[in-house]
Each structure stands twice: as structure tokens, then as C-alpha cells.
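Notes to accompany the following structure.
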Amino acid sequence: KQEVTQIPAALSVPEGENLVLNCSFTDSAIYNLQWFRQDPGKGLTSLLLIQSSQREQTSGRLNASLDKSSGRSTLYIAASQPGDSATYLCAVIGGKLIFGQGTELSVKP
Amino acid sequence: GAVVSQHPSRVICKSGTSVKIECRSLDFQATTMFWYRQFPKQSLMLMATSNEGSKATYEQGVEKDKFLINHASLTLSTLTVTSAHPEDSSFYICSAVDLSNTDTQYFGPGTRLTVL
């Protein structure tokens, strides 16, 4: 049974810092991995989708990497801003989406 | 980009009543939609897979008679919470898979259900 774990559960950083969010999964037989952002009381916004054949994807200040063999993915956020404050969820796709529990990020001005 | 809507966004009901939540793909067709629920500070848990024109597939532990799913068209799936109880209070989110791009699920904005 696939299990997805995100560390840390919560993170608070000052504005301008670069940061890394971690996601690990137990079964490497996945199709894709996707990172989402969720603002309080809102739905999900897709940030990056990494296909199983890819190692990383970049969008603006965001860079996501995928290492299937070790069952890990990271989301790198450069030059963080207060507007980046949200919960970040990773999900592995192997037929269904299995979500991690999320990392709650707070960027202080 | 692909848009998925949910209606209502918030609903408060009395215990014992039934509540219907709609999920619509606005600019694409979706043979498959998914229903998730999310408790506060927790992740999304898949409840069921909704397939257009056929019965939904429920995850283990989800009561199909309590959470009725209907996917009558390529753009609409509905989730009905029957005889709702306070423990059904949750955030319900749907997603839809674009027929032309099956790699990606597009998520709705969610529905906050509160059962008094």
C-alpha cells in the first residue's frame, strides 16, 4: 500500500529565504508525482507535475525534483515571499492520487 | 486552463437531511471524476471514482449507500450525502480528468459541509 509522507509538517521562514519541502513515498511504481498548493479553506492549485521519466520540473521560482529509486521528491522555493504562505501537498499518481499530509508554510515579512 | 466548479461552496444542514454537491468540468469533457474529503489539518482522502455512465467505485471503508455518486454526463458528477450526521462535516473536493489529457486531474474549489 502506497504511503506518502511530507516533512516538515510546518515551516516558518523569513521573507527572502530559499527553502526545500520534502516528500517521500514507499512504492516507486508510480506514473507521476504532482505538487499542489492549498490556501486555507480553498481547493487545490496544481504547481508542478513530474512524469515518472523526468527528474525535475521548473516553474518560475519553483523547482521540483523526483528520484523514484529512493522514493523522494523535493520542492524548492527560491526567494520566498509572504504570498507563498500556504499548505503544500505532494501526491503520487499510480492509477489514483495518494496525497501526503502536507507542509504548512508561513513566510514572515 | 481547465476549470472545475463545485456547487455549493458552503452548506449548513440539520442532522438527518441529505445534501447534494455538484462537480462540473466547465471547458472539457471528463469520463472520470474523483471525490475526496479532507478533515481539518489533514490530507485529502479519496472516497470514490466516478465514471460517466456506470457505477462509481468506492474506496475501502466508504459507505456507498451513504455517499451516493451519479455521473450522468461528461461534465457533471454529483455527490449526495444521505442522512447527514455531524461526523460527515468535512471539506469535499472533486477532481476531473480531461479526456484529451489523462495525465492530469483538475480540482474543484471544494465544498464545506457543516452538519448541525
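Owing to the predicted nature of the structure, the values given are computational and were not obtained by experimental measurement. Chain naming here is simple, since letters A, B, ... match the order of the sequence lines and numbering starts at 1 in each.
A:Gln34 and B:Gln105 share no donor-acceptor pair across their side chains, judged by distance under 3.5 Å alone.
Annotation: residues 68-77 of chain A contacts chain B through no residue [non-hydrogen atoms, separation under 4.5 Å]. Contact residues of residues 98-109 of chain A toward chain B are A:Phe99, A:Gly100, A:Gln101, A:Glu104 (heavy-atom distance under 4.5 Å). Along residues 80-93 of chain B, the residues that come nearer than 4.5 angstrom to chain A, judged on non-hydrogen atoms, are B:Phe91, B:Ile93 in order of number.
Contact count versus chain B (heavy atoms, under 4.5 Å) is highest, among A:Gly43, A:Pro40, A:Ser46, for A:Gly43.
Proximity to chain B is limited to the side chain of A:Phe36, based on heavy atoms less than 4.5 angstrom apart. The part of B:Leu46 that comes within reach of chain A is its side chain, from C-beta onward, which places non-hydrogen atoms under 4.5 angstrom from that chain.
A:Ile50 and A:Ile93 end up in different hydrophobic clusters when Ile, Leu, Val, Met, Phe, Trp and Tyr side chains are linked at under 4.5 Å. No continuous path of hydrophobic side-chain contacts links B:Leu74 to B:Trp35 [ILVMFWY only; heavy atoms under 4.5 Å]. Note on A:Val4: it clusters hydrophobically with A:Trp35, by side-chain heavy-atom contacts below 4.5 Å among ILVMFWY residues. A single hydrophobic cluster is not seen to contain both B:Phe67 and B:Met33; linkage of ILVMFWY side chains at heavy-atom distances under 4.5 Å, directly or through other members, places them apart. B:Leu76 and B:Tyr36 fall into different hydrophobic clusters, where Ile, Leu, Val, Met, Phe, Trp and Tyr residues are linked whenever their side-chain heavy atoms come under 4.5 Å apart, directly or through other members.
Within 6.0 Å of the NZ atom in B:Lys66, the count of heavy atoms belonging to other residues, nucleotides or ligands exceeds 12. For B:Arg10, the CZ atom is loosely surrounded, since the number of other residues' heavy atoms within 6.0 Å does not exceed 12.
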Name each donor-acceptor pair under 3.5 Å that joins a side chain in residues 108-116 of chain B to protein atoms two or more places apart or in another chain, with its distance.
| unit_1 | atom_1 | unit_2 | atom_2 | d |
| --- | --- | --- | --- | --- |
| B:Thr111 | OG1 | B:Gln6 | NE2 | 3.2 |
| B:Thr111 | OG1 | B:Pro8 | O | 2.6 |

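Atoms CD and CG, from B:Gln38 and A:Leu89 in turn, are 7.0 Å apart once rounded to the nearest 0.5 Å.
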Applying side-chain contact (heavy atoms from CB on, under 4.5 Å), run through A:Leu97 and B:Leu44 and close with a yes or a no.
-> CA-CA 9 Å; A:Leu97 253 66; B:Leu44 280 73; over 6 Å; no
